[in-house]
Amino acid sequence: MNVLRVSKATIALFVLPCLLLYVCLVFVPILVSLYSGLLDWNGIGESQFVGLQNFKTLFFDDQVFWPSVRRTLVFAVFSMTEIPIALTVALLLNRYVKKPNFLVSSYFLPVILSVVVIGQLWKTIYNPASMGGMLNQVLEALHLNNWMREWLTDPDIAMYSLYFVALWQYLGYHTLIQFTGIRNIPADIYEAAKIDGADGLKADWHITFPMNLPIFKISIVLAFIGSLQAFDMVMVMTGGGPAHATDVISTHMYNMSFLSMKYGYGSAIAAFLVAVCLLATVLINFVFHRLERHYS
């Protein structure tokens, strides 16, 4: 068999344009944001170098920041809990539905829709019964008046209402990813396992999950990092209110940068968010590396 031999210099030449584009679009903005976090700057006029003062204010004096960090991390944990659910749905579709592609595509539809459309839709669903809110009207029809709530204006439950919408929107996305991974597992392995008495849940535990572990990790990383960067859904549905009860890191960063005109301070929040994303990615990769070694 003929093997095409290409020099390293040729490979580098072809990789270089994409590498430069990636550096300019990813690493340069991160470095600029880190530097801007050391400035007292409104984003337009002259800036003043203040060192770590923005970070000191962020960590010790900002009353909104740490609650927003907590909500963001809870959001990320909630998002990861839907991955096992997505894997279960994918397993059921693969096992019990003869032509599952239509159902998988149907579950994926919410991901295609604009976040603005989804946000407005769920705002209508969460409205009070007197304003046509479907959820409260259903609860009222079932005589469950004690369960009726001001879903987006009650500070105690507003954030959980947003969590549910995010889980609903992206469940089909992760189901599609897991379903594709399961489909790529050779059927011969299941047939051999069935001969040895491993079928159903036993086959899923000892074959499907270990072989689908890299795909499972991809979903976990996408869900966690995506939740840390959650912005559009919160802004459309609540705008961070009521009284900052639904503010997350990204909305707080937006408010500081563009509404309060504290661009340097907003850049410090952005630098913190980048650091959290990098740390989360490293930890998730470490955990799944251990799992892959365990199952290999």
Side-chain angles (χ1 to χ4, degrees), residues 75-127 132-135 137-139 141-142 151 160-195 198-227 229-234 236-237 284 288 295:
F75 200 166
V77 171
F78 264 89
S79 297
M80 289 194 298
T81 58
E82 75 176 330
I83 309 303
I85 301 174
L87 178 61
T88 303
V89 173
L91 284 170
L92 294 175
L93 289 173
N94 184 61
R95 181 171 299 166
Y96 297 110
V97 180
K98 291 184 178 180
K99 295 182 179 180
N101 291 336
F102 174 76
L103 285 178
V104 174
S105 302
S106 301
Y107 299 155
F108 190 75
L109 281 177
V111 183
I112 302 174
L113 294 177
S114 167
V115 176
V116 176
V117 173
I118 292 176
Q120 292 297 330
L121 169 67
W122 280 94
K123 280 180 69 175
T124 304
I125 293 174
Y126 282 141
N127 274 340
M134 186 181 72
L135 179 56
Q137 286 182 343
V138 170
L139 293 174
L142 295 174
W151 300 100
Y160 295 98
S161 301
L162 298 183
Y163 294 155
F164 180 81
V165 176
L167 296 182
W168 170 84
Q169 181 183 6
Y170 287 101
L171 178 62
Y173 176 71
H174 294 292
T175 298
L176 175 62
I177 294 175
Q178 299 305 313
F179 180 78
T180 304
I182 292 171
R183 284 288 203 181
N184 287 329
I185 299 176
D188 298 344
I189 299 177
Y190 290 105
E191 294 174 1
K194 189 173 183 179
I195 294 174
D199 196 13
L201 291 176
K202 186 179 291 186
D204 292 335
W205 181 254
H206 293 284
I207 298 174
T208 306
F209 181 70
M211 296 194 69
N212 202 49
L213 201 57
I215 309 300
F216 195 84
K217 181 181 76 170
I218 291 173
S219 284
I220 290 288
V221 171
L222 291 175
F224 195 92
I225 302 303
S227 299
Q229 301 171 353
F231 172 78
D232 43 11
M233 180 69 69
V234 179
V236 170
M237 295 188 67
I284 291 172
F288 275 90
Y295 284 109

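Put simply, CD1 on Ile218 and NE2 on His174 are 11.5 Å apart, with the number rounded to the nearest 0.5 Å. For the atom pair CD1 (Ile182) and CD1 (Ile207), the distance works out to 12.5 Å, reported to the nearest 0.5 Å. Separation of atoms CG (Leu91) and CZ (Phe179) is listed at 10.5 Å; rounding is to 0.5 Å. Rounding to the nearest 0.5 Å places OG of Ser79 at 11.5 Å from CG of Leu171. Between the CD1 atom of Ile185 and the CG atom of Asn212 there is a distance of 5.0 Å, given to the nearest 0.5 Å. The distance from atom CG of Asn127 to atom CD of Gln137, rounded to the nearest 0.5 Å, is 9.5 Å.
Shortest non-hydrogen contact noted between Gln178 and Phe216 is NE2-CA, 3.7 Å. Taking every heavy atom of both residues into account, Gly172 and Phe108 meet most closely at O-CD1, 4.1 Å. Of all the heavy atoms in Gly119 and Met233, the pair that sits closest is CA-SD, 4.3 Å. Contact detail for Ala223 and Ile83: the closest heavy-atom pair is CB-CD1, 4.0 Å. Listed here is the closest heavy atom pair of Ser161 and Trp151: OG-O, 3.1 Å. Listed here is the closest heavy atom pair of Leu167 and Glu82: O-OE1, 3.0 Å.
Residues Phe209 and Leu87 are in side-chain contact: their nearest non-hydrogen atoms beyond the backbone lie under 4.5 Å apart. For the pair Leu93 and Thr175, the minimum side-chain heavy-atom distance is below 4.5 Å. The side-chain heavy atoms of Gln169 and Val115, taken from C-beta on, include a pair separated by under 4.5 Å. The shortest distance between side-chain heavy atoms of Ile177 and Leu222 falls below 4.5 Å. The shortest side-chain heavy-atom distance between Tyr126 and Phe164 falls under the 4.5 Å cut-off. Residues Leu176 and Tyr107 are not in side-chain contact: their nearest non-hydrogen atoms beyond the backbone lie 4.5 Å or more apart. Looking only at side-chain heavy atoms (C-beta outward), Ile125 and Leu121 come within less than 4.5 Å of each other. Between Val165 and Ile118, the closest side-chain pair of non-hydrogen atoms falls below 4.5 Å.
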| When you look at Trp122 and Leu135, which way does the side chain to side chain contact (heavy atoms under 4.5 Å, CB included) test go after all the steps? | CA-CA 10 Å; Trp122 280 94; Leu135 179 56; over 6 Å; no
| task | Quick one: do Tyr160 and Tyr163 satisfy ring pair (Phe, Tyr, Trp, His ring centres under 6.0 Å)? Show the steps, please. | result | CA-CA 5 Å; Tyr160 295 98; Tyr163 294 155; 5.5 Å; yes
| task | Test side chain to side chain contact (heavy atoms under 4.5 Å, CB included) on Asn94 and Arg183 and set out the steps. | result | CA-CA 8 Å; Asn94 184 61; Arg183 284 288 203 181; 3.5 Å; yes
| said: Please determine whether side chain to side chain contact (heavy atoms under 4.5 Å, CB included) holds for the pair Phe288 and Ile220, giving the CA-CA distance in whole Å, both sets of side-chain angles, and the decisive distance to 0.1 Å. | reply: CA-CA 10 Å; Phe288 275 90; Ile220 290 288; 3.8 Å; yes
| message | Test side chain to side chain contact (heavy atoms under 4.5 Å, CB included) on Leu92 and Thr88; report intermediate values, then the result. | response | CA-CA 6 Å; Leu92 294 175; Thr88 303; 4.3 Å; yes
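The backbone N or O of Phe78 lies less than 3.5 Å from a partner atom in the side chain of Thr81, making a donor-acceptor pair.
Within a 6.0 Å radius of CH2 in Trp168, other residues, nucleotides and ligands contribute more than 12 heavy atoms. Atom CG of Leu142 has more than 12 neighbouring heavy atoms from other residues, nucleotides or ligands inside a 6.0 Å radius.
Relative orientation of the Tyr173 and Tyr170 rings is perpendicular, given thresholds of 30° and 60° on the angle between their planes.
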